[in-house]
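Before any comments, here is the structure.
Since this is a predicted model, take the numbers as computed values, not measurements. All residue numbers in this chain count up from 1 along the given sequence. Note: hydrogens, waters and symmetry copies are ignored here, and every other heavy atom, side chains too, is used.
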Amino acid sequence: MAGTDAELAAKLQPDVPHAARIWNYWMGGSDNFPSDRAAGDAVAEVYPEIVLMAQQSRLFLTRVVRHLTAEAGIRQFLDIGTGLPTMQNTHAVAQGIAPDSRIVYVDNDPMVLMHARALLASTTSEGVTTYVPADYHQPEEILAEAAKTLDFDKPIAVMFMGVMGYEPDLDVVRSIVERTMDAVPSGSYLVLWDGTDTSPAVVSGAERLAQSGGVPYILRNPEDLDTCFSGLTKVEPGLVPIPLWRPVDADAVGIDAYGAVARKP
């Protein structure tokens with residue numbers, strides 16, 4: 001992990017709202033600043049469901065990682081754009097089922113990197129958990145670093161959890177996904193979810209986020225998100241609102257965020 005805590009702290013820019021910290025605020029965390037809370041409140045004012053979306057995104061991650069570990073036999077995870085740690089992080093879920101699981105987290109946020117040491121200390125003795133400081137626009141760099149921990153001759157679950165909305169060009173998003181998935185072997189999986197433009201309220205929320213000084217988040221329609229899974233075989237139930245992906249709650253309802261899990265043939 002690059003940089004000391006002091007060097008990373010100098011890059012925090014607490015007066016500028018940051019996506020990872022705003023998301024942490026919506027999830028009930030404490031790793032955020034007044035600027036993040038102000039931006040988060042501005043979005044929630046016009047789109048209160050954003051708090052539910054944040055909570056549901058973590059539940060989706062938990063169900064997906066459990067499925068991939070317990071049912072698909074995956075033991076390697078590449079979690080790109082992981083964000084600030086909360087409860088039930090990828091390594092905790094995977095290693096709770098298979099202690100020998102290996103997880104590589106990737107993020108470029110200095111606060112995330114400052115918290116990385118705590119996550120690394122909580123890994124199992126049989127498994128491995130590491131962090132790569134990088135931007136998802138640099139897949140080749142990410143893959144080269146991940147190869148120091150993961151065995152690219154064995155299946156890997158690649159995860160993009162709610163982060164591709166920060167890239168405005170869908171062609172760039174598809175290129176990042178394709179280049180990453182091209183590098184992993186047959187039997188690997190892609191997990192991807194993002195916010196969608198499926199209600200006027202969520203569109204207003206995204207506009208308010210940009211107005212509040214946060215990095216604009218591009219909402220896409222589900223059909224566009226579906227193109228990110230081209231050439232892969234989606235696991236049932238396919239691309240759906242994330243609370244409806246294999247829910248444990250019979251009363252689960254959809255939200256303006258769609259995701260899927262797909263296997264590389």
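- Rounding to the nearest 0.5 Å gives a distance of 14.0 Å between OG1 of Thr198 and CZ of Arg220.
- Using modelled atom types, one finds a donor on one side chain and an acceptor on the other under 3.5 Å when comparing Thr90 with Asp79.
- Listed by first then second residue, pairs satisfying side chain to side chain donor-acceptor pair (under 3.5 Å) with a partner in residues 228-244 read Asp226-Lys234, not counting sequence neighbours.
- Between Trp245 and His67, the distance separating the two ring centers is shorter than 6.0 angstrom.
- Taking the side chain to side chain contact (heavy atoms under 4.5 Å, CB included) definition, one finds that Asp135 meets it with Asn108, His137, Gln138, sequence neighbours left out.
- Annotation: side chain to side chain contact (heavy atoms under 4.5 Å, CB included) contacts of Asp169 (sequence neighbours excluded): Glu167, Asp171, Val172.
- With sequence neighbours excluded, the residues forming a side chain to side chain donor-acceptor pair (under 3.5 Å) with Asp36 are Arg21, listed by chain and number.
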*Which is it for Asp41 and Tyr25 under the side chain to side chain donor-acceptor pair (under 3.5 Å) test, yes or no, and what are the steps along the way?*
CA-CA 9 Å; Asp41 288 341; Tyr25 173 55; 2.7 Å; yes

Give every donor-acceptor pair under 3.5 Å between a side-chain atom in residues 200-212 and any protein atom, sequence neighbours left out.
from   : atom 1 : to     : atom 2 : distance (Å)
Ser204 : OG     : Pro200 : O      : 3.2
Arg208 : NH1    : Ala42  : O      : 3.4
Ser212 : OG     : Arg208 : O      : 2.8

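- Side-chain heavy atoms closer than 4.5 Å link hydrophobic residues (I, L, V, M, F, W, Y) into clusters, and following such links, possibly through other members, connects Tyr166 to Met27.
- Here the side chains of Ile103 and Thr130 are not in contact, with every heavy-atom distance at 4.5 Å or above.
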Report all side-chain donor-acceptor pairs from residues 43-53 shorter than 3.5 Å, counting only partners two or more places apart or in another chain.
from  : atom 1 : to     : atom 2 : distance (Å)
Tyr47 : OH     : Asp256 : OD2    : 2.7

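- Residues passing the side chain to side chain contact (heavy atoms under 4.5 Å, CB included) test with Pro247 are Ala252, sequence neighbours excluded.
- Rounded to the nearest 0.5 Å, atoms OG1 (Thr69) and CD1 (Ile97) are 5.0 Å apart.
- For residues 177-200, the set of pairs meeting the salt bridge (Lys or Arg N to Asp or Glu O under 4.0 Å) definition, not counting sequence neighbours, comprises Glu140-Arg179.
- Residues forming a salt bridge (charged side-chain N to carboxylate O under 4.0 Å, His left out) with Asp100 (at least two apart in sequence, or on another chain): Arg75.
- Residues that satisfy the side chain to side chain contact (heavy atoms under 4.5 Å, CB included) test with Asp151, not counting sequence neighbours, are Gln76, Asp153, Lys154.
- With sequence neighbours left out, the salt bridge (charged side-chain N to carboxylate O under 4.0 Å, His left out) criterion links Arg37 to no other residue.
- No side-chain heavy atom of Tyr189 sits under 4.5 Å from any side-chain heavy atom of Val158.
- Scanning for salt bridge (charged side-chain N to carboxylate O under 4.0 Å, His left out) contacts around Arg102 gives an empty result, with sequence neighbours left out.
- Looking at heavy atoms from C-beta onward, Arg246 lies in side-chain contact with Val235 at the 4.5 angstrom threshold.
- Here the CG atom belonging to Leu219 is positioned 12.0 Å from the CG atom belonging to Asp224, to the nearest 0.5 angstrom.
- Checking Arg263 against Ser188 by side-chain atom types alone, no donor-acceptor pair falls below 3.5 Å.
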